[in-house]
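FYI, the numbering just counts along the sequence from 1. Order of appearance sets the numbers: ligands from 1, and atoms from 1 within every ligand.
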Amino acid sequence: MIIVIKPHTPREQVDEVLLEVTRLGYEPRPIYGAEQTVVAAIGDERTHHTLESLMVLPQVEKVMRVQKRYTLVSRESHPEDTVIDVDGVPVGGTHFTMMAGPCSVESEEQLFATARAVKAAGATILRGGAYKPRTSPYEFQGLGKEGLRLLQEAKKETGLKIITEVLSERDVEHVAAAADILQIGARNAQNFQLLIEAARSGKPILLKRGLSQKIEEWLLSAEYILAHGNPRVMLCERGIRTFETYTRNTLDLSAVAVAKLESHLPVIVDPSQGAGRASLIHMLCRGAVAVGADGLIIEVHPNPAKALSDGQQQVDFSSFRKLMEELPPYLAPAGKVM
Ligand code: PEP
Ligand code: MN
């Protein structure tokens, strides 16, 4: 850490700071200038007491962090891309993975028709919410355990792997028994107890970025999962809350580029929640590929107008098929294969 002392501070007061730095477990290296002194505090910021508390001393102007707060998710600790094996389906590296399916599991007919359609179009992972985080308590909350059962049946028939959201710690065990990937939703991105419990399940985890989460905070949420013994994490950019009203959220493709530079974890883009409009999905998918995403998660419904959740952003079967035909020429320049 770097501690900047206020200009014209007498030497005794600088010494007070040095003493405090030593007491907190760091080795102080002062650099005395004509007017101002700067102290470099040598020590590991992740394992030592934070020096930010020094800000309470009247002679201290600023305390600055030098090290990043995350280690396990950082590319520095693991230069190669991580490739996650989802029950035989690779995610990350040169692979481009398509996850698709309805926002919510609504019925056997709806789920099976969608599973067959996305499989035929080339998707390898079936999405579908059994537990839904709805803004209003009066909206469809999902089929719960029946939804999980249907997902497992759809997996049996099609061979698609299953991704589904886990909303609470209480549900981790039975959702993990049915799913190949646990989805942690945007609203739970900083529910640290849920992250820890999900980590303990040992299942691959797709971690959505919170609605107002800074990239550093998103990476720190992922760090929680790795720090609790589960390295199989996929980051998912799904749009953040901004002043814009034309789109439901603002899909932050620059965050995808940053996450790819900063971390070795695969990054998946969710343009469905990101834009909230079916008409934008194809364009945003192309953008996601170009910026280095490792895959997409797309909401697909047999009849979006009749959907019980997120109808406005779900694409129908023919639109999804068209998307799958249109993507390959964009994958090669990005160094990816589907
Ligand atoms: C979803 O995938 O349907 C969903 C609710 O996602 P998010 O948590 O990103 O809003
Ligand atoms: Mn949705």
With a 4.0 Å cut-off, would you call E157 and R116 a salt bridge?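 Yes.
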
Between R209 and E237, does any NZ, NE, NH1 or NH2 come within less than 4.0 Å of an OD or OE carboxylate oxygen?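 So E237 pairs with R209 through a salt bridge.
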
For the 3.5 Å polar cut-off, considering only N or O atoms, please tell me whether R127 and ligand 1 meet it.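 There is such a contact, yes.
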
Do any nitrogen or oxygen atoms of R187 lie less than 3.5 angstrom from nitrogen or oxygen atoms of ligand 1?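 By distance alone, the answer is yes.
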
Could you find the nearest protein heavy atom to [atom] and give me its residue, atom name and distance?
| atom | result |
| --- | --- |
| atom 6 (O) of ligand 1 | K208 NZ, 2.9 Å |
| atom 1 (C) of ligand 1 | Q273 NE2, 3.3 Å |
| atom 10 (O) of ligand 1 | R238 NH2, 2.8 Å |

Proximal ligand 1 atoms for Q183, defined as those under 4.0 Å from one of its heavy atoms: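 Answer for ligand 1: 1 (C), 2 (O), 6 (O).
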
Interfacing atoms of ligand 1 (cut-off 4.0 Å, heavy-atom, C103):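 Answer for ligand 1: 3 (O).
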
The Mn ion (ligand 2): which protein N, O or S atoms are under 2.8 Å away?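 N, O, S partners closer than 2.8 Å: C103 SG, E299 OE2, D310 OD2.
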
Restricting to ring-ring contact (aromatic ring centres under 6.0 Å, His included), what partner residues turn up for Y330, sequence neighbours left out?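 Applying ring-ring contact (aromatic ring centres under 6.0 Å, His included) to Y330 gives none.
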
Heavy atoms of other groups near R241 CZ, more than 12 under 6.0 Å: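 Check fails, neighbour count at 12 or below.
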
Look at atom 8 (O) of ligand 1 and find which of A186, G142, P102 reaches it with the closest heavy atom.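 The residue whose heavy atom sits nearest atom 8 (O) of ligand 1 is A186.
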
